[in-house]
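The structure under discussion appears below in the form of structure tokens.
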Amino acid sequence: MASNALPTFDAMMQPALEALRAQGGQATNGEIYAYVIQALEVPAPAVQQPHRAGSSLTELEYRLQWTRTYLREYGLIENVRRGVWRLTEAGWQRTPIDRKEVVRVVRRRMAARRAQEKGQAPIFASAQLSRRERRPPASAQRDGLRSPTPFLPAYANARSFLHSLDGVPAASYHAMASAILEQRGTPQEQVDWSDPNAWIAQRLDGPERELAEHIWSTSQQQLNPRYTHGCWYFATKHDLLARDREDILRITSRGRQFMQEEVGPLVAELDAYEGILTILRLVAGQETARRGDLLPGYGEYSRTMTTLQSDAVIKSSLSERLRNLADRALVTAQGRAYEVTEAGLAYLERYASLAPEEATAASKESDLFRLARAVREEVRGQLSAHLLEMDALIFEELVKLLLEEMGYDNVMATAPATDKGVDLVGTIELGISSVRELIQARRHRGSINRPALDQLRGSLHRFNAVRGTIITTGRFSKGVEDAAFERGAAPITLIDGEKLLDLLLEHEIGVRKRRVDYFEFAPEKLAQLAAHEESDATA
């Protein structure tokens with residue numbers, strides 16, 4: 001039988017990944033083998049072709065071994081145990097893959113390792129590879145690259161998932177997941193999965209419907225069965241859920257420990273592996289951190305210690321882990337800005353040593369952060385008191401300066417006699433459109449009530465504006481908050497005293513930011529000297 005009747009090892013890469021996806025992210029050699037044969041329609045005689053005389057392997061099995069090896073080396077799959085494979089975060093995200101790129105990158109890595117084993121590679125051989133192909137440090141090479149969980153769930157949802165699947169046949173979960181996946185729709189005809197009370201009965205039948213309803217009810221309608229993939233990957237990856245001999249899913253001893261402890265050694269171990277402790281430390285190192293501020297540090301960690309390489313995947317991973325931290329009240333989230341809580345600092349101080357990077361300074365960093373936060377709160381109080389005593393016209397000038405710092409153009413004050421609740425007019429670029437906006441600046445100690453909003457909204461047409469904003473040192477009544485984005489009415493943005501202080505601090509208006517530099521011991525910078533000395537001695 002001619003070997004060209006068989007697919008090449010790289011031609012089987014995409015079907016092998018699809019085989020894993022079809023099984024919920026984890027599959028045996030046999031399951032991958034069967035899927036590839038069917039997907040590529042390999043003829044029966046070719047399937048039986050032996051690798052070579054006396055070999056127990058068929059040629060197809062031999063080539064598929066190389067397929068799995070290349071996918072593993074590229075970071076798309078990982079070996080759970082003998083004969084069982086699992087998709088990594090990158091494996092879930094990369095579809096379709098560029099098989100030529102996979103072959104090129106893996107062969108370069110293999111060649112670099114062979115050269116290094118023979119003593120032919122330079123001391124810093126990794127510097128010759130691209131940033132994407134760079135190998136991790138020695139400790140990571142021993143332990144292997146970490147493969148963070150894709151679509152990392154909130155831990156509360158993960159616990160609900162474990163509880164709902166305990167005692168359920170593994171095949172039943174995969175059948176439900178496959179039934180849902182088959183109905184994922186297209187970009188042109190999207191499927192709405194937001195309300196499980198509606199879609200479960202409409203789209204599932206029989207055991208799949210029963211299991212979906214069980215997951216939904218067990219979680220007290222918090223875990224949407226459509227989005228359990230991250231829970232499955234997290235639970236199986238960390239040995240929280242396993243199959244028994246009858247292929248029934250059971251919560252493991254680690255899983256029961258995870259169910260029982262909100263904070264503890266096991267949770268900290270999982271946080272360290274998933275990069276959550278790294279992110280918590282990055283947040284704690286800044287007064288208020290936006291996702292963009294955290295990306296450089298988290299990106300460097302990810303590309304060095306994990307299988308995450310692309311910018312898009314790293315950004316998604318960061319967002320998932322920040323949501324996880326916020327759900328556990330270890331950080332607070334205000335829009336896209338994050339700040340570590342006191343509970344987060346205490347947790348970091350206790351378990352920072354588990355993080356892969358230099359974590360021994362975490363306690364001192366926490367002390368510095370607490371001091372900086374105390375100073376910031378004191379300054380915030382001083383600024384608030386000054387605003388309340390400020391002349392009304394000067395307050396308008398302050399708001400005008402703030403708007404200009406925020407990117408508004410042509411900000412002008414209105415004539416006092418004809419303003420009708422309008423103090424400033426400006427334009428802001430939204431996408432490709434320039435939007436005219438009215439601003440009401442209210443230096444006020446109490447609450448702003450509904451008439452002020454109605455007056456501003458009623459003035460929009462006179463200034464040819466499409467939206468408005470009320471900025472106050474006080475608060476807003478519930479009636480104002482309810483009416484601000486009333487359906488069918490022009491939107492009115494509300495900025496109360498606390499938000500105003502946030503904006504003034506962010507744009508450094510009325511305050512001055514001081515920076516304190518401090519040193520950390522960095523032994524890796526000295527390790528290069530030792531490496532050069534060793535190289536000179538053996539030359």
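Counting from 1, the numbers follow the sequence of the chain as shown.
Using a 4.0 Å cut-off between charged side-chain N and carboxylate O, E481 and K478 make no salt bridge. We find that D247 and R243 are joined by a salt bridge, their nearest charged nitrogen and carboxylate oxygen being less than 4.0 Å apart.
I276 is not listed as a side-chain neighbour of L330, based on a closest heavy-atom distance of 4.5 Å or more. In this structure, R226 and W199 have side chains that are in contact, with non-hydrogen atoms separated by less than 4.5 Å. For the pair E213/L204, no side-chain contact is recorded, criterion being any heavy-atom separation below 4.5 Å from C-beta on. Side-chain contact between C231 and F151 is absent, with no heavy-atom pair separated by less than 4.5 Å. Counting heavy atoms from C-beta on, the side chains of R254 and E269 come closer than 4.5 Å. At a threshold of 4.5 Å between non-hydrogen side-chain atoms, the residues Y35 and L20 do not count as touching. Counting only heavy atoms from C-beta outward, the side chains of R203 and W193 approach each other to under 4.5 Å. Here the side chains of H229 and P150 are in contact, with some heavy-atom distance below 4.5 Å.
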Worked check of side chain to side chain contact (heavy atoms under 4.5 Å, CB included) between M12 and L60: CA-CA 10 Å; M12 293 189 283; L60 183 62; 3.5 Å; yes
Side chain to side chain contact (heavy atoms under 4.5 Å, CB included) assessment of I251 paired with F258: CA-CA 10 Å; I251 300 177; F258 175 74; over 6 Å; no
Working for side chain to side chain contact (heavy atoms under 4.5 Å, CB included), residues V36 and T67: CA-CA 11 Å; V36 169; T67 301; over 6 Å; no
From CA spacing to verdict: side chain to side chain contact (heavy atoms under 4.5 Å, CB included), L165, I215: CA-CA 8 Å; L165 259 65; I215 293 173; 3.9 Å; yes
Salt bridge (Lys or Arg N to Asp or Glu O under 4.0 Å) between D166 and R256, intermediate numbers included: CA-CA 11 Å; D166 191 28; R256 298 200 180 281; 3.5 Å; yes
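No more than 12 heavy atoms of other residues, nucleotides or ligands sit less than 6.0 Å from atom CD of Q38.
Across T58, L6, L57, D10, a single residue satisfies side-chain contact (heavy atoms from CB on, under 4.5 Å) together with R63, and that is L6. Each of E320, E274, K237 was compared with T149 under the side-chain hydrogen bond (donor to acceptor under 3.5 Å, both in side chains) criterion, and only E274 meets it.
With no hydrogens or angles considered, no side-chain donor-acceptor pair links Q257 and S253 at under 3.5 Å. In this model, no donor atom of one side chain and acceptor atom of the other lie less than 3.5 Å apart for Q65 and E61. Between the side chains of D271 and Y155, at least one donor N or O lies within less than 3.5 Å of an accepting N or O.
Separating the OG atom in S160 from the CD atom in Q220 is a distance of 7.5 Å, to the nearest 0.5 Å. In this structure, H238 NE2 and Y273 OH are separated by 6.5 Å, a value rounded to the nearest 0.5 Å.
The aromatic rings of W232 and Y173 sit parallel, their planes meeting at an angle under 30°, below the 60° perpendicular limit.
Among residues two or more places apart in sequence or in another chain, the ring-ring contact (aromatic ring centres under 6.0 Å, His included) test is passed with H51 by Y62.
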